[in-house]
Structure formats: C-alpha cells, structure tokens
Protein chains: 2
Amino acid sequence: MQGCSAEKREKDFTIMQEINKTEKIDLEKDKIDFEKEEFRIILNSRSQRVTSPRIKILKILKSNHKPLTIAEIHSKLSKDKIDLATVYRTLNLFSEIKIVNEIDFKDEFKRYELVYDRHHHHHIVCRKCKSVENVETCILDDLEKLLSKKGYSEITHSLEFFGICKNCSN
Amino acid sequence: MQGCSAEKREKDFTIMQEINKTEKIDLEKDKIDFEKEEFRIILNSRSQRVTSPRIKILKILKSNHKPLTIAEIHSKLSKDKIDLATVYRTLNLFSEIKIVNEIDFKDEFKRYELVYDRHHHHHIVCRKCKSVENVETCILDDLEKLLSKKGYSEITHSLEFFGICKNCSN
DNA sequence: TTTGTTGCAAATCATTTGCAGACGG
DNA sequence: CCGTCTGCAAATGATTTGCAACAAA
C-alpha cells in the first residue's frame, strides 16, 4: 500500500468527511476523544483489548454518576445493537480487573459503578423510589446524623468486610 | 369436654408417653421446647401462623451462628422433606417481618441470619474459603485494624445505607 | 496470523407462582 | 369452619455458555 497516494488521499478525505459530520452532530467531540484515549490506556494497562462495546459501556458508566443495572446499561446501548450477553461479559470482566464495583442494593438487580477514577464512597438509596446519593464521609455515627439532616428517615445500613483469612494465606 | 375426666386422663397419659419417648431420644428436650415456645411468641406477636416448616427453619437459623444460603437451609432440612419453595417463601416472610436479615456476600447466593435476638453487627468473609466471623465493633478505622490483627489481609468492605428520602416521605 | 471478542440462540439455574389439598387458630 | 400455608409441578427471568464469524494486536 506504500506510495499509493491516490488511495491515501481518498482515505484522508473520507476521514475528514467523517470528522466534519461528527462535529456537527456532537459538540463535545474533544471531550469524548479524550475519554476514549483514557479508556484505551486503562484497558491496555490491564492487558485487555480495546473494543467498541467496551468503550461504549465505559462511556455510559462514566457519564452516569450512579450505579447502573445491566438492563439500564443495555437500554442505553439500544441504538448500538450490543448484545445483552456482551454487556454481562463486559461487566464481569470490568469487575475482575477492578475498574468497576459491583453493588447490591437489596433488590433483584446488581448495579455497577466505575471506580478507577473515584475515591472510596458509599450510597444512600431510597427504599421507595430507589434514588441514589453518594455518601463521602466514612464514620458511621456522623454519617447517619448527616443523612437524617439531609431528609432521609428510617435509615438502616449494610456493611460487610471481605478479605483473605489466615488459613487461606498459606 | 368439661367434666369428661376419663378422656382427659387418657389424653394426659398419651401426652406423658409422648414426653417420655422424646426424653429418651432427645437429651436437649428442655432447651428445644423452650426454643419452640420462643418462636411461637415471635410469630404470634407478628400475626403469623406457627407451622412446622417455620419452626424448623427458625431452629436451623438459631443454631447456626452464621448467615446461611437457601440451599444450605434446605439441605439441613433434608430429612424433613420440606419443599424448596417453602424455604423461599418462609425466608421472604421472615425478611418482611424483619426477624431475619438478608445479606449479600458478593457471590451468587443470598444469605439469611436471625436478627431479632441479636445486636447489630457485621461480618468478615474470606474471599477464598467463604468462612465467616462476626464483627462487633462499629467504627471503620478501628475495625479494619482489628481485622488485620486477626490475620485477615487485603481487606475491603461494602457499606450501603437505605432509607426513605424527602420526596417519598410526603 | 493468532488470539480474544462478539452476536446469536440455546441452556442453565435460582426464584416465583398457580393450584389443590392440608393445617392452624 | 375459614383463611392461610404447603407441596408439587410448571413457569419465569436473569445470567451463562457453545459456537461460528469477526476484530484487535
């Protein structure tokens, strides 16, 4: 293909057409390209392939500042025709490589939240409407006081620790 | 039935026979009868019927000082031929009336633990062997220090709050 | 070129449900 | 006796998996 300048020019032109089209539609082009590059680095650094479904799912997780269910992620991908099975496989992968946290809100669905770029935090979930707010502090007493000041009532919490026990360390 | 003394005596005798038989087989009779009475009170006070599957499941939860999965509970009932669906329905009921806590250990199974007679506590779970120890303290920093002194490593935790938000209170 | 990923369709498996008979109060 | 609970069998629905085509490195 080297030296095949006519073809190259035609290709460049096609690319420019593509970019112009994109610019008109998407005013946040620069931000999005930056994100893509960020995701590429994250995946590469963990020896994972950079694929279109993975980037799209990462974008969705990044732009939604609350934990999402598989169904929510999949429906946000509806125009991209990404298979449900791929969504499951991708989120299982992301959990394994620890760039995503799997959260249980005590309903029937698991939720996923991007964590590689965020500091440790928790959530307060409304038992009725399932709305979610982040909780940044980390001492329980202070927390519950804070939450009731914010207007929540009947607060309960669930806290579990996970680790490797003595036996398993050997 | 008043004044029907012959019948009453016969009935009492039958009961005594029953008790003697039980004593020979089960040396912990007193303890178990006490438990049954306790469970009866708990269920009655919440307007729930006292049935044999419910008592058996409560006994299992009471005697196992760690959260159990549905499958574990069901297998401990194997000799009693209690249906799996009944186990599910019973534990959902127990969760609703809040005598049992439903816990997520981030594997595929929900676990259930009796809570009406215990003070609030958490757990530390080994990620490999799934062994469970209770955690009684309740300040996170102290906790994690305590846990690593106990020999756990790579400790993480998961904490979520649940409550009713302002909007839903109206 | 090689290895890993995706889409599709089918399988799996935990959980729920309808119903008829059994049981508790 | 009335209303609820249980066992059974079938349905449901989220999640996983096998496989062939495809894409990334």
Grab the [atom1]-[atom2] distance between [X] and [N] for me, whole Å please.
X       : N      : atom1 : atom2 : answer
A:Arg49 : D:dA24 : CZ    : P     : 9 Å
B:Leu93 : D:dT4  : CG    : P     : 13 Å
A:Asp83 : D:dC22 : CG    : P     : 16 Å
B:Leu68 : C:dA14 : CG    : P     : 17 Å
A:His74 : C:dG7  : NE2   : C1'   : 11 Å
A:Lys36 : D:dA24 : NZ    : P     : 10 Å
B:Phe94 : D:dC5  : CZ    : C1'   : 12 Å
B:Asn92 : D:dT6  : CG    : P     : 12 Å

*Presence of donor-acceptor pair under 3.5 Å, side chain of A:Arg89 and base of C:dG7*: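 Pair found.
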Go through [options] for me and flag the one nearest to the [X] side chain.
X       : options               : result
A:Thr90 : C:dG25, C:dT15, C:dT6 : C:dT6
B:Tyr88 : C:dT6, D:dT15, C:dT16 : C:dT16
A:Ala85 : C:dG25, C:dA9, C:dT17 : C:dA9
A:Asn44 : D:dA25, D:dG7, D:dT6  : D:dA25
B:Gln48 : D:dA14, C:dG25, D:dC5 : D:dC5
B:Thr51 : D:dC5, D:dT16, D:dA25 : D:dC5
A:Val50 : D:dT6, D:dA25, D:dT16 : D:dA25

_Between B:Lys79 and B:Leu77, is there a side-chain heavy-atom distance shorter than 4.5 Å?_
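When only atoms from C-beta onward are counted, B:Lys79 and B:Leu77 do not touch, as no gap falls below 4.5 Å.
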*Could you check if a side-chain atom of B:Tyr88 sits within less than 4.5 angstrom of a side-chain atom of B:Thr86, using non-hydrogen atoms only?*
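SC-SC contact between B:Tyr88 and B:Thr86 ruled out.
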_Side chains of B:Ser52 and B:Lys56: any donor to acceptor distance under 3.5 Å?_
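Indeed, the side chains of B:Lys56 and B:Ser52 share at least one donor-acceptor pair under 3.5 Å.
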*Under a 4.0 Å N-O cut-off, is there an ion pair linking B:Glu72 with B:Arg111?*
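Salt bridge flag = no for B:Arg111 with B:Glu72.
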*Inspect the surroundings of NZ in A:Lys62 and state if more than 12 heavy atoms from other residues, nucleotides or ligands are less than 6.0 Å away.*
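Buried by this count: over 12 neighbours within 6.0 Å.
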*How do B:Arg40 and A:Ile82 order along DNA chain C: which one's closest nucleotide is nearer the 5' end?*
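Looking at the nearest nucleotide for each, A:Ile82 comes out on the 5' side.
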*Select from B:Lys110 and A:Val87 the residue whose nearest nucleotide in DNA chain C is closer to the 5' end of that strand.*
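Mapping each residue to its closest nucleotide by heavy atoms, the 5'-most match is A:Val87.
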